[in-house]
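Everything below concerns the one structure shown next.
One is the number of the first residue; the rest follow in order along the sequence. Computed from a predicted model, the values in this text were never measured in an experiment.
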Amino acid sequence: MAGYGRAAAVTAVLGLGLVAGAADATELWDPHLRGVESGLAAGALPPEGVYFVLDNYWATYDQHSSNKSNGTKLDALVEVPILLWNPGIKLLGADYAVAVAQPFDYTNVTYNGNAVGSHWGTYNTYFAPAILSWALPYDFHVKGSFGVYLDTASSSPGHAPSGGGVGAGNGFTTFETGLGVSWLHDGWNASVQLYYETSTKNDRTDYQSGDQIAVDYTFTKTINKWTVGVGGYQINQIERDSVAGQEKVGTVAFSYGLGPIVGYDFGGLNLQAHYTHALLVHNDVGGDFFNVRAVVPLY
C-alpha cells in the first residue's frame with residue numbers, strides 16, 4: 001500500500017467531538033473530536049478495499065468561561081471504531097468511498113473537586129454515504145465528503161444517563177460537510193481537513209447549538225516505516241446557541257492546539273500517536289489529549 005494510503009483510511013471519517021460545555025458553547029458535545037484527523041492524508045483515500053480503524057482518545061480538559069477555568073474538569077476516554085469501504089468505483093472522476101462509525105465513551109466530570117458523575121455510554125452513530133477524492137497534478141489530492149451524526153446516543157441532555165453524570169452524546173442530529181486538501185510527495189504529507197457542521201434543535205430541551213467550523217492540520221515526513229511531524233487543530237463556533245429561540249450571550253467559542261506526531265507501519269497494522277496541548281481557549285474546554293490510531297486493511 002502507498003505510504004500515505006493506509007493512514008488515509010481514516011481521513012474520510014469522523015470526529016466525535018468532546019465537550020464544548022453545557023454552560024458555554026454547544027449544548028454538550030462538539031460534533032467533531034478535535035485533532036482526531038491530524039496525521040492523516042486529508043485529501044486522499046486508501047486503495048480499493050475495506051479498512052478497520054480504531055481511535056483511542058484520552059483527554060483531560062478544563063472548562064473555560066471566556067479565557068479562565070471555571071472549576072469544571074473533564075476526564076474522558078473515547079473509543080472510535082470505524083469501517084471504511086472503497087469499492088473501486090469512480091464518480092465524477094474521483095475515487096468513491098463510504099464509512100460508518102459507532103463511537104463510545106467514558107466521561108468523568110468534577111466541579112471544584114466534587115464529583116458530578118461518571119459513566120460509559122454510546123455516542124451518536126456516524127454515517128458518511130459520500131466521500132470523493134480527486135488526484136490532481138503535482139501530487140495534490142482533494143477530498144469532499146458529506147456525513148451525518150444521527151440522534152442515537154444512549155444518553156444526552158434531556159435524556160439523562162441512569163447512573164448520573166453528563167450525557168454520552170447529543171440529543172440532536174448534526175450534518176457535516178468536509179473538504180480535505182493534501183500535498184503528498186516523497187514521504188511528505190502537508191494536509192488540511194476542514195468541516196462545516198450544522199445541527200438540528202434538541203426537542204427535549206429546546207436548545208439549538210450554533211454552527212461551527214472544525215479544522216485539523218498535518219505536517220509529517222515518512223522515512224521507511226517511521227512517520228514523524230506535527231499536528232494541530234482549531235474549533236470555531238460562528239453562531240450563538242439559543243434556547244427557546246432566544247440567543248445565549250457568551251456562546252461563541254474557539255480553541256486552538258498543537259502537538260507532535262509519531263507513527264510506525266508494521267505492514268498489516270499502522271499505528272500513529274498524537275499528543276496535543278490547547279494553546280488558546282475561549283468559552284470552550286482546553287487542556288491535553290493523546291490519540292493512538294490503529295489502521296488495519298481487512299482485504
Would you find a donor on one side and an acceptor on the other, under 3.5 Å apart, between the side chain of T205 and the backbone of G158?
no
Is the backbone of R204 close enough, under 3.5 Å, to the side chain of N202 for a donor and an acceptor to pair up by distance?
yes
Pairwise side-chain contact, L74 with T107, heavy-atom cut-off 4.5 Å (strictly under)
yes
Rounded to the nearest 0.5 angstrom, the CG-CD distance for D55 and E79 is 9.0 Å
Show the numbers, then the answer: is there a side chain to side chain donor-acceptor pair (under 3.5 Å) between T60 and D75?
CA-CA 5 Å; T60 300; D75 295 311; 3.3 Å; yes
S38 side chain to T218 main-chain N or O, any donor-acceptor pair under 3.5 Å?
no
Check this for me, if you would: do D211 and R240 make a salt bridge, where the nitrogen-to-carboxylate-oxygen distance has to be below 4.0 angstrom?
no
In Å and rounded to the nearest 0.5 Å, what is the CG to CG distance from L45 to L132?
8.5 Å
Between D151 (side chain only) and T173 (backbone N and O only), is there a donor and an acceptor less than 3.5 Å apart?
no
Indicate if Y96 and F127 have the same hydrophobic cluster label, given that clusters are the connected sets of ILVMFWY residues with side-chain heavy-atom separations under 4.5 angstrom.
yes
With no hydrogens and no angle check, do the side chains of T125 and Q102 hold a donor and an acceptor under 3.5 Å apart?
yes
Stacked cation flag R34 on Y61, 6.0 angstrom / 45 deg
yes
Minimum side-chain heavy-atom gap Q212-N236 below 4.5 Å:
no
With rounding to the nearest 0.5 angstrom, report the CZ to NZ distance, F266 to K225.
9.5 Å
Quick check on the 6.0 Å ring-centre criterion: do W188 and F219 meet it?
yes
Check the pair V192 / V215 against side-chain contact (heavy atoms from CB on, under 4.5 Å), numbers first and verdict last.
CA-CA 7 Å; V192 177; V215 189; 3.7 Å; yes
Between H119 (side chain only) and P161 (backbone N and O only), is there a donor and an acceptor less than 3.5 Å apart?
no
Euclidean distance, L184 CG relative to T220 OG1, rounded to 0.5 Å
8.5 Å
Assess the side chains of H274 and N291: does a donor N or O sit below 3.5 Å from an acceptor N or O?
no
Any chance you could measure K221, atom NZ, to I261, atom CD1, to the nearest 0.5 Å?
15.5 Å
Any chance OH of Y299 has more than 12 other-residue heavy atoms, nucleotides or ligands included, within less than 6.0 Å?
yes
With ring centroids as reference points, do Y149 and Y126 lie under 6.0 angstrom apart?
yes
In this structure, would Y196 and F254 fall into the same cluster of hydrophobic residues linked by side-chain contacts under 4.5 Å?
no
Side-chain heavy atoms nearer than 4.5 Å, only ILVMFWY residues, links allowed to pass through others: does that put Y106 and W58 together?
yes
For Y207 and D203, indicate whether the former's side chain and the latter's backbone hold a donor-acceptor pair under 3.5 Å.
no
Are the side chain of N270 and the backbone N or O of V295 linked by a donor-acceptor pair below 3.5 Å?
no
Answer whether the closest heavy-atom distance between the side chains of E37 and Y195 falls below 4.5 Å.
yes
Do any N or O atoms from the side chain of T276 and from the backbone of L258 form a donor-acceptor pair under 3.5 angstrom?
no
Please confirm whether the ring centroid of Y217 lies under 6.0 Å from the ring centroid of Y233.
no
Regarding H32 and D216, do their side chains bring together a donor and an acceptor under 3.5 Å, going by distance alone?
yes
Under 3.5 Å, is there a donor-acceptor pair between the side chain of S182 and the main chain of A42?
yes
CA sep, side-chain torsions, deciding dist, call: D62, K73, salt bridge (Lys or Arg N to Asp or Glu O under 4.0 Å)
CA-CA 5 Å; D62 291 300; K73 293 183 179 294; 2.4 Å; yes
Hey, is CH2 on W85 packed in by over 12 heavy atoms from elsewhere, all under 6.0 Å?
no
Mark yes or no for whether Q193, through its side chain, and A41, through its backbone, hold a donor-acceptor pair below 3.5 Å.
no
Between D241 and K248, does any NZ, NE, NH1 or NH2 come within less than 4.0 Å of an OD or OE carboxylate oxygen?
no
Parallel, tilted or perpendicular: which describes the rings of Y123 and W29, with under 30° parallel and over 60° perpendicular?
perpendicular
